[in-house]
Amino acid sequence: MVYRSVFSGDAALTFLGENIPAIGPKFNNREEAIAVARQYLEGIHQMSGKGRETPVQISLNRQADGRYSLVVMGSRQVIGKLNNLDELLLKRFRKGLKKKLFILTCFVDGADGQECLVLTEGLGAVFYTPNAIKNWRP
């Protein structure tokens, strides 16, 4: 199944299943993409331990050039940060949050276009964001 992705800076966004947004950095090198996706998962695992309901903070920060960075942060550490996101990508991402879920993963150039590692390698983390839509205003 082919999913259409949207790109902004070094990040990609696609919608999986029932329009669940999957967002993450894009890479040309598969090994590098897998390593970063595993770092995300390791950071989440360290932060949450055995508990699956550990809160994370997701914030949008406006950069000096007018674009945005999206930061996923645990209680003491940054789990993932996507820089140079344009407003259009964020509006699409925000629209996709109506189900209050999103997936943090990585993307890599594949033979048939961008490959989403949550689909091909199972490398991605699902976040439940009950209040994200109210707080984000790109």
Side-chain angles (χ1 to χ4, degrees):
M1 178 178 282
V2 176
Y3 290 93
R4 187 170 169 219
S5 299
V6 178
F7 307 101
S8 176
D10 296 330
L13 169 71
T14 194
F15 293 90
L16 306 175
E18 296 180 22
N19 289 324
I20 305 297
I23 192 167
K26 62 180 183 172
F27 297 89
N28 296 325
N29 181 295
R30 182 176 189 77
E31 287 77 26
E32 185 180 1
I34 289 173
V36 170
R38 287 188 173 144
Q39 287 174 356
Y40 289 163
L41 295 176
E42 181 65 28
I44 293 165
H45 179 72
Q46 288 177 357
M47 181 192 72
S48 63
K50 293 182 180 180
R52 295 220 169 238
E53 296 181 15
T54 304
V56 296
Q57 181 179 1
I58 302 164
S59 61
L60 285 178
N61 301 316
R62 190 176 181 104
Q63 299 173 175
D65 63 1
R67 294 182 289 178
Y68 294 86
S69 63
L70 184 143
V71 181
V72 179
M73 187 163 184
S75 59
R76 290 183 231 157
Q77 67 183 22
V78 173
I79 296 169
K81 183 175 181 182
L82 302 173
N83 294 316
N84 303 324
L85 304 176
D86 63 33
E87 194 170 330
L88 181 59
L89 182 132
L90 288 175
K91 284 185 177 182
R92 289 179 175 165
F93 180 65
R94 184 172 175 245
K95 188 176 178 180
L97 288 175
K98 289 180 180 173
K99 296 188 178 186
K100 302 178 181 179
L101 295 172
F102 79 94
I103 300 168
L104 181 63
T105 186
C106 293
F107 295 81
V108 65
D109 291 332
D112 297 324
Q114 286 289 315
E115 181 180 312
C116 180
L117 292 185
V118 74
L119 293 174
T120 60
E121 302 289 335
L123 295 172
V126 178
F127 290 91
Y128 174 64
T129 58
N131 298 318
I133 292 176
K134 295 176 187 171
N135 301 332
W136 291 0
R137 299 283 180 237

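In what follows, residues are counted from 1 in the order of the sequence shown.
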Below 4.5 Å, heavy atoms only, C-beta onward: do Asp65 and Asn84 meet side chain to side chain? yes
Write down the atom of Phe15, the atom of Gly96, and the distance for their closest heavy-atom approach. CE2-CA, 3.7 Å
Using side chain to side chain contact (heavy atoms under 4.5 Å, CB included), reason through Leu123 and Cys106 one step at a time and then give a plain yes or no. CA-CA 8 Å; Leu123 295 172; Cys106 293; over 6 Å; no
Do Leu13 and Val36 belong to the same hydrophobic cluster, where Ile, Leu, Val, Met, Phe, Trp and Tyr are linked whenever their side-chain heavy atoms lie under 4.5 Å apart, directly or via other members? yes
Quick one: CG on Leu104 to CD1 on Ile23, what's the gap to the nearest 0.5 Å? 8.5 Å
Measuring from Ile79:CD1 to Ile58:CD1, what's the distance to the nearest 0.5 Å? 8.5 Å
Nearest heavy-atom contact between Phe107 and Ala22 is CZ-O, 3.5 Å
Report whether Val71 and Tyr40 are members of the same hydrophobic cluster (ILVMFWY, side-chain heavy atoms less than 4.5 Å apart, transitive linking). no
Minimum heavy-atom separation for Val108 to Ala33, with atom names? CB-CB, 4.0 Å
Go through it in stages, so that I can follow the logic: the residues are Leu117 and Ile34, the test is side chain to side chain contact (heavy atoms under 4.5 Å, CB included), and I'd like the CA-CA distance, side-chain angles, deciding distance and then a yes or no. CA-CA 8 Å; Leu117 292 185; Ile34 289 173; 3.9 Å; yes
Any chance you could measure Asn61, atom CG, to Tyr68, atom OH, to the nearest 0.5 Å? 10.5 Å
Closest heavy-atom pair, Arg67 versus Asp86, reported as atoms and distance to 0.1 Å, is CG-CA, 4.5 Å
Using the rule that Ile, Leu, Val, Met, Phe, Trp and Tyr join whenever any side-chain heavy atoms are under 4.5 Å apart, tell me whether Phe127 and Met73 fall into a single cluster. no
For Glu115 and Thr120, which heavy atoms make the closest approach, and how far apart are they? OE2-OG1, 2.9 Å
To the nearest 0.5 angstrom, please state how far the NZ atom of Lys99 sits from the CD atom of Glu18. 4.5 Å
Using 30° and 60° as the class boundaries, would you call the ring planes of Phe102 and Phe93 parallel, tilted or perpendicular? perpendicular
Hydrophobic cluster membership, with links at side-chain heavy-atom distances under 4.5 Å among I/L/V/M/F/W/Y: are Leu88 and Leu90 in one? no
Do Leu85 and Val78 belong to the same hydrophobic cluster, where Ile, Leu, Val, Met, Phe, Trp and Tyr are linked whenever their side-chain heavy atoms lie under 4.5 Å apart, directly or via other members? no
From OG1 (Thr14) to CZ (Arg92), nearest 0.5 Å: 11.0 Å
With a 4.0 Å cut-off on N to O distance, would you call Arg38 and Glu121 a salt bridge? no
For Cys116 and Thr105, the nearest pair of non-hydrogen atoms, with its separation, is SG-CG2, 3.7 Å
Distance from Asp109 atom CG to Asn28 atom CG, nearest 0.5 Å? 4.5 Å
